[in-house]
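Below is one structure, written out as structure tokens; the observations come after it.
Keep in mind the model is a prediction, meaning the values are calculated, not measured. Chain naming here is simple, since letters A, B, ... match the order of the sequence lines and numbering starts at 1 in each.
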Amino acid sequence: MGDRLHDTAAWRRHSHRHPCRRRPAGPRQRCHRPGRGDRPADEPGGQAMTVRLRVAPSPTGDPHVGTAYMSLFNLAFVRQQGGQFVLRIEDTDRARFQADSEQQVFDMLAWLGLQWDEGPDKGGPYAPYRQSERLDTYTPYVEQLLAQGNAYHCWCTPARLQQMREDQQARKVPTGYDRLCVGKTREQRAELPGCSDVPVVRMLVPDDAPLSFVDLIRGQVNAPRPDDQVILKADGFPTYHLAVVVDDHLMGITHVVRGEEWISSTPKHVLLYDWLGWERPAFAHMPLLRNVDKSKISKRKNPAARLTWFVEQGYLPEALLNFLGLLGYSLPSGEEIFSFAEMSASFDWTRVNTVGPVFDLDKLGWLNGHYLRALAPEDLQARLIPFLRAAGLYDDSAAHRSLLAGAGPLIQTRMAVLSECVDLLRFLFVTDREFVVQDAAREKSLGDAGPVLLALAEALAPLEEWTTASVQTAMDAALIDRLGLKRGKAYAPVRAAVCGSLISPPLPESMALLGQQRVLARLRAAL
RNA sequence: GCCCCCGUCGUCUAGCGGCCUAGGACGCCGCCCUCUCACGGCGGUAGCGGCGGUUCGAAUCCGCUCGGGGGUACCA
């Protein structure tokens, strides 16, 4: 594989942060990492290596927001370095596999504009990119490990293993496989209880297994001593640990970027790299996105854990991306509104935080509003249509198109998410038969509004020109000048009668769009 | 239970031993604008988990403690 952009180079490049404080006690070595801008010479041989990163989701349900989060950071680095980004589907868990999940992953990443260079759908020099299609690539390595004495067969039944763990917990000792099967032939093992027919293959983890590694984000990290991890399941599928190492190596992955939850299994992976004689990639463990209660973000506790939720709610992909970039990360400039290109240009692993950020929708709503307001009128309309259509309000007729063109600008500052357009614009698109005045609006604004509505109807009926200006002029003349009302007081009942709600887009504009006939009909209906 | 990771306003963050009586953003509160709701403008609220060290000086370094999280699977 030659020289990759290895740990130290990438590590040295940043790192004013993470002083030696996380190094284990013992003989203290002084950190001597240069500060920012003090870049080391290029790669050995004067040739910059191409970085290759990957995201490897499991198709086990709705695409997870964590996949987008990881992809964003992977890609920010890849594009900065001019490398490649690989999408690999890790479908070794047959029990949780869901057929349509993979396509949803493609769709969601594409929606976000996170484009991968190689993957199951677009192929590439290291195809196939689905682990289930790579089954025979793993077996030689299992054989090798077995032959080298780094792995062994284990016939223990799940029941026995569970019993064993319970005993260990009861005795307050670390849980782990007790190596009953080590050094035994199938026949020898069969004489003992809890023996199954089909064996699995386990790693024989040595006592001196390396437990610490350098992390691009955290510096030196210590991880727990691994158990004798199963690498080949009874069903013939490799476990994640074997598959990820083999695939990452074979696919030339230079930087393994994944969630913090993987820190504890990194020693297993390091061991496999070493046993197989492969160069280790650089590791970066991202902080975990959290629910409001600080637990690892889950679909159960947080609707936003499902990527499709953002589409359903009407978040803009650019806003979600920006928001994700703000979680656990900040630009050197301090700017909080930024594009992917801006993030990528200044990207720096050491600026990634080690604390898991709470995924809080408030700020996303604000950001989304910001991007919403920046949309060109036609763009906004196009994005609104699916929501209006789904609500049964929009049929794409010329009349509807024209209404929408007029209404878009009126609600552009009034939405945090696109789906809110439905409630905001219902009064405009709803048929006369279906139009209703909400109870709250009726009670609050229509109680004694008869004279006001009547006066207005009389003033508007003869109007020959029906525009925002003419409506407003006539309305103000009738209600403010003649009846002596304040505008706020005067408009409230009109709003209720015409829009059916306590809140609405600006009234004269709304009435102009609605049209004279419908306005008059609603005013009279409210009398 | 055992192992590992992490601890700055409610939330996202800046901070890299003196520039910190800790800065910004979201949220919240108030005021302005105003036909409602928003947008926009202005102002305010609120934080270094605790205790010990090191140092002339600590949010920044060290230790302990407390708290949170993750892992502990023939899931990923």
Side-chain angles (χ1 to χ4, degrees), chain A residues 15-22 25 35 56-58 60 90-93 95-96 154 156-158 161-162 165 168-176 196 198-202 211 218 221-227 229-235 237 239-241 243-244 258-265 285 287-288 290 292-296 323 326-330 332 334-337 353-367 369 373 411-416 424 441 445 472 475-476 486-492 494-496 499 501-508:
Chain A
S15 230
H16 51 287
R17 230 180 202 179
H18 313 301
C20 301
R21 71 183 128 127
R22 295 195 188 88
S58 297
T60 55
E90 309 222 326
D91 53 354
T92 55
D93 184 356
R96 294 200 300 158
C154 171
C156 291
T157 59
L161 294 172
Q162 192 187 333
R165 279 184 211 107
Q168 289 165 335
Q169 275 206 24
R171 284 185 293 131
K172 302 180 195 258
V173 298
T175 54
S196 70
V198 191
V200 300
V201 175
R202 287 182 183 274
L211 301 183
R218 292 152 202 271
V221 174
N222 300 306
R225 185 182 180 286
D227 187 12
Q229 176 67 46
V230 171
I231 53 174
L232 191 70
K233 299 183 242 183
D235 63 7
F237 276 61
T239 57
Y240 169 83
H241 301 97
V244 76
R258 70 227 304 195
E260 186 182 2
E261 68 217 275
W262 295 107
I263 288 179
S264 53
S265 40
H285 289 93
L288 250 27
R290 311 294 182 103
V292 176
D293 67 3
K294 306 273 191 183
S295 57
K296 175 165 85 167
F323 179 64
L326 240 23
L327 293 180
Y329 191 71
S330 62
E335 187 54 61
E336 299 205 280
I337 293 181
N353 280 162
T354 49
V355 244
V358 170
F359 197 100
D360 179 18
L361 265 357
D362 278 340
K363 193 155 187 172
L364 174 59
W366 166 75
L367 259 181
R373 274 165 249 135
I411 61 169
Q412 191 154 16
T413 63
R414 294 178 163 77
M415 296 178 288
L424 249 16
S445 306
Q472 170 134 328
M475 185 154 64
D476 286 357
K486 294 241 184 207
R487 185 175 272 130
K489 187 88 174 155
Y491 282 19
V494 180
R495 184 184 317 282
C499 302
S501 168
L502 249 18
I503 62 171
S504 79
L507 237 204

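In this structure, the CG atom of A/Asp476 is 9 Å from the C1' atom of B/C35, given to the nearest Å. Counting to the nearest Å, the C1' atom of B/U72 and the CG atom of A/Asp227 are 8 Å from each other. Here B/G40 presents its P atom at 12 Å from CD of A/Gln412, a figure rounded to the nearest Å. B/U34 atom C1' lies 10 Å from atom CZ of A/Arg414, rounded to whole Å. Separating the CE atom of A/Met415 from the P atom of B/U36 is a distance of 20 Å, rounded to the nearest angstrom.
The nearest heavy atom of RNA chain B to A/Trp366 and to A/Glu261 marks one nucleotide each, and the one closer to the 5' end goes with A/Trp366.
A salt bridge does not link A/Glu260 with A/Lys296: none of the charged nitrogens is closer than 4.0 Å to a carboxylate oxygen.
A/Pro508 comes within 4.0 angstrom of a base, heavy atoms only. Counting any heavy atom pair closer than 4.0 Å across all strands shown, A/Ser264 reaches sugar-phosphate atoms only and no base atom. Residue A/Glu336 is classed as a base contact, given a heavy-atom separation below 4.0 Å to a base. Contacts of A/Val358 with the nucleic acid, taken as non-hydrogen atoms under 4.0 Å apart, involve only primed sugar atoms and P, OP1 or OP2. Using a 4.0 Å heavy-atom cutoff across all strands shown, A/Leu507 reaches at least one base atom of the nucleic acid. Using a 4.0 Å heavy-atom distance criterion, A/Ser295 is classed as a sugar-phosphate-only contact. Nucleic acid contact for A/Gly488: sugar-phosphate only, since backbone atoms but no base atoms lie under 4.0 Å from a heavy atom of the residue. Base contact: A/Pro505 has a heavy atom under 4.0 Å from a base atom.
For the pair A/Lys233 and B/A76, the criterion of a side-chain N or O lying under 4.0 Å from OP1 or OP2 is met. OP1 and OP2 of B/U72 both lie 4.0 Å or more from every side-chain N or O belonging to A/Arg165. A/Asn353 has no side-chain polar atom (N or O) that falls below the 4.0 Å cut-off from OP1 or OP2 of B/G7. Between A/Ser504 and B/C37, a side-chain N or O to OP1/OP2 separation shorter than 4.0 Å is absent.
Side-chain N/O atoms of A/Arg225 and base N/O atoms of B/U72 include no donor-acceptor pair closer than 3.5 Å.
The ring pair (Phe, Tyr, Trp, His ring centres under 6.0 Å) search around A/Tyr329 returns A/Phe73, A/Phe347, not counting sequence neighbours.
If you check B/A76, B/C12, B/C35 against the side chain of A/Thr239, the one that comes closest is B/A76. Which of B/C5, B/C26, B/U36 sits closest to the side chain of A/Ile263 comes down to B/C5. Considering only side-chain atoms of A/Thr175, the nucleotide from B/G1, B/G7, B/C74 that sits closest is B/G1.
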